[in-house]
Amino acid sequence: MGQIYMDHAATTAVRREVAEAMKPFFTSKFGNSSSVYDLGREARRGLDQARDKIFKLLGAERAEEIIFTSGGSEANNLAIKGVAWAYANKGKHIITSSIEHPAVLDTANWLTQFGFELTVLPVDEYGLVDSQKVASALRPDTILVSIMHANNEIGTIQPISEIGKIVRQHGALFHTDAVQTAGSLDLDVDELNVDLLSISAHKFYGPKGVGALYVRRGVRLEPLIHGGAQEKRRRAGTENVAGIVGMATALELAQTERKVESARLTKLRDKLIKGLQIIPDTKVNGDLENRLSNNVNVCFKYIEGESLLLNLDLKGIAASSGSACTSGSLDPSHVLLAMGLSHEIAHGSLRLTLGRENTEADVDYLLEVVPEIVERLRAMSPLYQ
Amino acid sequence: MGQIYMDHAATTAVRREVAEAMKPFFTSKFGNSSSVYDLGREARRGLDQARDKIFKLLGAERAEEIIFTSGGSEANNLAIKGVAWAYANKGKHIITSSIEHPAVLDTANWLTQFGFELTVLPVDEYGLVDSQKVASALRPDTILVSIMHANNEIGTIQPISEIGKIVRQHGALFHTDAVQTAGSLDLDVDELNVDLLSISAHKFYGPKGVGALYVRRGVRLEPLIHGGAQEKRRRAGTENVAGIVGMATALELAQTERKVESARLTKLRDKLIKGLQIIPDTKVNGDLENRLSNNVNVCFKYIEGESLLLNLDLKGIAASSGSACTSGSLDPSHVLLAMGLSHEIAHGSLRLTLGRENTEADVDYLLEVVPEIVERLRAMSPLYQ
Amino acid sequence: MYSDKVMDHFTNPRNVGEIADADGVGEVGNSRCGDIMKIWIKVENDVITDIKFKTFGCGAAIATSSVITELAIGKTLTEAEEITNQAVASALEGLPPLKMHCSNLAADALKSAIEDYRKNTATTAS
Amino acid sequence: MYSDKVMDHFTNPRNVGEIADADGVGEVGNSRCGDIMKIWIKVENDVITDIKFKTFGCGAAIATSSVITELAIGKTLTEAEEITNQAVASALEGLPPLKMHCSNLAADALKSAIEDYRKNTATTAS
Ligand SMILES: Cc1ncc(COP(=O)(O)O)c(C=O)c1O
Ligand SMILES: Cc1ncc(COP(=O)(O)O)c(C=O)c1O
């Protein structure tokens, strides 16, 4: 039985070209990029080239607008705490949405103990943030708005460009968590009207433990990690050169292949959604129009997510759920709840996120296997009559 | 002309065994360790085994006492800010020393704007912290003392066990930055009397961008990076599994080979020091007894460090200096200044840090080349008569 | 994550179903926290002669429900009442720490079914 | 980090040394900041006929000192005074950003030497 991986929103495998690009920086070009000697300069060159690639791919103005981090969570923390501490004199109001990743929500919440005020905007039943609600929430002391580009669970893509226009006209800074979109959507920071943007390499076939924060020129930022002079004093620590080179290579490949691959995945996605909808008492979550090309998210009523995942795993399928039982908490996905789903239904969610290795045969296999499993679990469920 | 790398305190190359251990986690075992399916469990197993290795090598009590970070700087920031925020109710006084790494000093300094008070202890001419000075500096509201295990520039090893005893009897927490010693000294957290201890993989032939913080059971810690539930909610972000596995492998190898390799390096180090001392107007920095086995640090009066390094690079030797010109700041090494050296002399420092690949022939070559370079630069110096 | 024993009970759960003319029915949990267990028992001379369950919940919840039906059948009510959640976890060769609290409710469901039986018989007797 | 031109002047610095009977001597920088440049000039009919330097400092400091001696020799004092630190950096095909401020002092050292010459001749004339 082959393994079918359909959890690309969780993480992806490092692709061959990326692994190759990283290799020399582990061994022969291992120098510390801050050093003056030849080995250090080689590392510096690797770093500079990676930064150049990335700033251009994001449509940024200059290389210095990119700060390398240890991943998406650090990038989000740096964006929010960094702006908050740097602009606390100007104001202490921050706006975000109820469906953000915990690395945004928890971070913004943490700041409230220091006198920062937080407005968490609701979303509609499709998980969309209303740009008019952003406009009404803006206050004279609003320093930052953070709305994610696309949601990791339901794949809903937000009207970032529109929101950004409103926020920036108002004079506040605008951050977007683009961790889920960096490998699949066009990321032009000027078109998106963003001042800060987070990415994470392992979501687009790069290595885990590397990310970046785009910070528009002129935006002040207090470091999250203090210490050495790396990253123009905005992020201390010896740079993960191999990882950074890997990220740049991965982003370049993903952006080059973006259109063709997106079209291919959209077809598979739609076939999958259509096939799963045939199962009775099934609800498709998220917006069907403004949706990541690889995201499928459905709720099967009367059954619980983890037992579904375990059964899928036994059939060789790797998938994910917004079930509380997979996260170790009591409450299921805060995203599904924010969209108005009941706890009971939210517990039965299944997320399938497609990627490079998936084929139509995989989709067909899934459509064969899932109905049986759902039926079996429902037969065992005290909620199903 | 071969390349001679003598800057192992800056960074080291990933050794073959480590690269091998990391490999599968980039490609075949790439799963997200939080996932329930098989691929996720494989990653989780890699992570668990790495954590087990490391907690045992540090003489810790349990695996949960290890928090993985993106390196030494993050570990130091997490230790200091994490304890400060968690214990602010108890007190706001922190003690450290004048020769700490910037990741400790800048972090502690940053906290003073939030009402934390900082005592920065002086060191003697050998760079040693006096444990009696620590004792006198302790106050009822002291929550944390952070003294590094060994200094990265001068190699001086501090009496950590003694200081730790005093601090912990007083009821404060004790952190040590062991980034420079993890690969070369015995690191038993109980013998060292520490509550928190930082390490960084790239200093002991592991990859860059991975480190760990040991946190004694019962010590509370506010996260530095908020978000997901990883690392028992003390450090959010998808784990760099490959890097973490690499770090564990590297630490295990280093600790196994520690005694034999230390003895070998001590011999080379002493030959190097003796040979360089023959050059007139040369000062050896640091303590000759309590010293890392691989550290040589000398000042050649009347010359400047960067020009020395450039000349060495032209001869194929990679080394480092506490010169301001290598760091881009105006002031030379804060460590050398803290030991009482004048700016002029501190500018002429040379640090040679030995490692696995270095042989006696390397030392001989250095002793042949350095005197010529020093003479040439002095002939050009307006300070030398 | 799960022991072989848990996976065995999860993939081949014993005694799934309902008992139409049950002497006692117990239910614990709620859909908010994600685990609901319902247990039906038949009792003859104070001994559990038949037992069935239905569970909405994760792998651990299903396995604990299944294993408790094996543990309880043939036991007197007093013996059955003494089965602890801890004993259920042991019979499964352990559960992941996170699952010890939220999904290990089968003993409570059984107790609730026995209580229900006692209530029913008390009513009948009175 | 450094251009080939900088490395050329660093490894083969021109006009290193002192002029015993110099007409003007200039010194800038201090050991605190890590760069000290000293320049000696001989002047005939307002033209710099000989020039030497000694520098304590980084690669950039040595290269800028060396290149300014080449730029200045044969120039009139007025021409020499017009050499800017920027021109020195350009003659070296650029300097790393960090070095533009702290180590690019050669033009100042030359100006100081010319000033010294003027002061000396003024004193003699009076
Ligand atoms: C003593 C000491 N502490 C902390 C660090 C920071 O470690 P990293 O560069 O891995 O963040 C270093 C080295 O750079 C160091 O030598
Ligand atoms: C939308 C979003 N933001 C942030 C993150 C955090 O990224 P990382 O795990 O690389 O820290 C993730 C994924 O985990 C994500 O999906």
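No experiment lies behind these values; they were computed from the predicted model shown.
Looking at B:T12, only its backbone comes within 4.5 Å of chain A, counting heavy atoms on both sides. Of the two parts of A:A318, the backbone and the side chain both hold a non-hydrogen atom closer than 4.5 Å to a non-hydrogen atom of chain B. For chain A, the nearby part of B:A319 is the backbone; its heavy atoms alone come within less than 4.5 Å. Only the side chain of B:K81 comes within contact range of chain A, with at least one heavy atom under 4.5 Å from a heavy atom of that chain. Contact annotation for B:A242: neither backbone nor side-chain heavy atoms come within less than 4.5 Å of a heavy atom of chain A. Only the side chain of B:E222 comes within less than 4.5 Å of a heavy atom in chain A; its backbone stays farther off.
Minimum interatomic distance between B:P102 and A:G228 (heavy atoms only, all atoms of both residues): CB-N, 4.0 Å. Here the shortest heavy-atom pairing between A:F26 and B:P207 reads CE2-CB, 4.2 Å. Considering all non-hydrogen atoms of both residues, A:T11 and B:G31 come closest at CG2-C, 3.7 Å.
Chain B forms the most heavy-atom pairs under 4.5 Å with one residue out of A:G209, A:A103, A:G237, and that residue is A:A103. If you tally non-hydrogen atom pairs under 4.5 Å between each of A:V18, A:L224, A:T107 and chain B, the highest count goes to A:L224.
The shortest side-chain heavy-atom distance between B:W85 and A:W110 falls under the 4.5 Å cut-off. Taking 4.5 Å as the limit, some side-chain heavy atom of A:R235 sits within range of a side-chain heavy atom of B:S70. A heavy-atom distance below 4.5 Å is found between the side chains of A:D7 and B:S35.
Ring geometry for A:Y37 against B:Y5 counts as perpendicular: the plane angle is over 60°, on a 0 to 90° scale with 30° as the lower cut.
Listed for the A:D313 side chain is a donor-acceptor partner under 3.5 Å among the backbone atoms of B:D38. Checking side-chain atoms of A:D106 against main-chain N and O of B:H226 turns up no donor-acceptor pair under 3.5 Å. Put simply, the side chain of A:N32 gets close to the backbone of B:A10: a donor and an acceptor are under 3.5 Å apart.
Screening B:H202, B:K208, B:K203 for a side chain to side chain donor-acceptor pair (under 3.5 Å) with A:T238, the sole residue that qualifies is B:H202.
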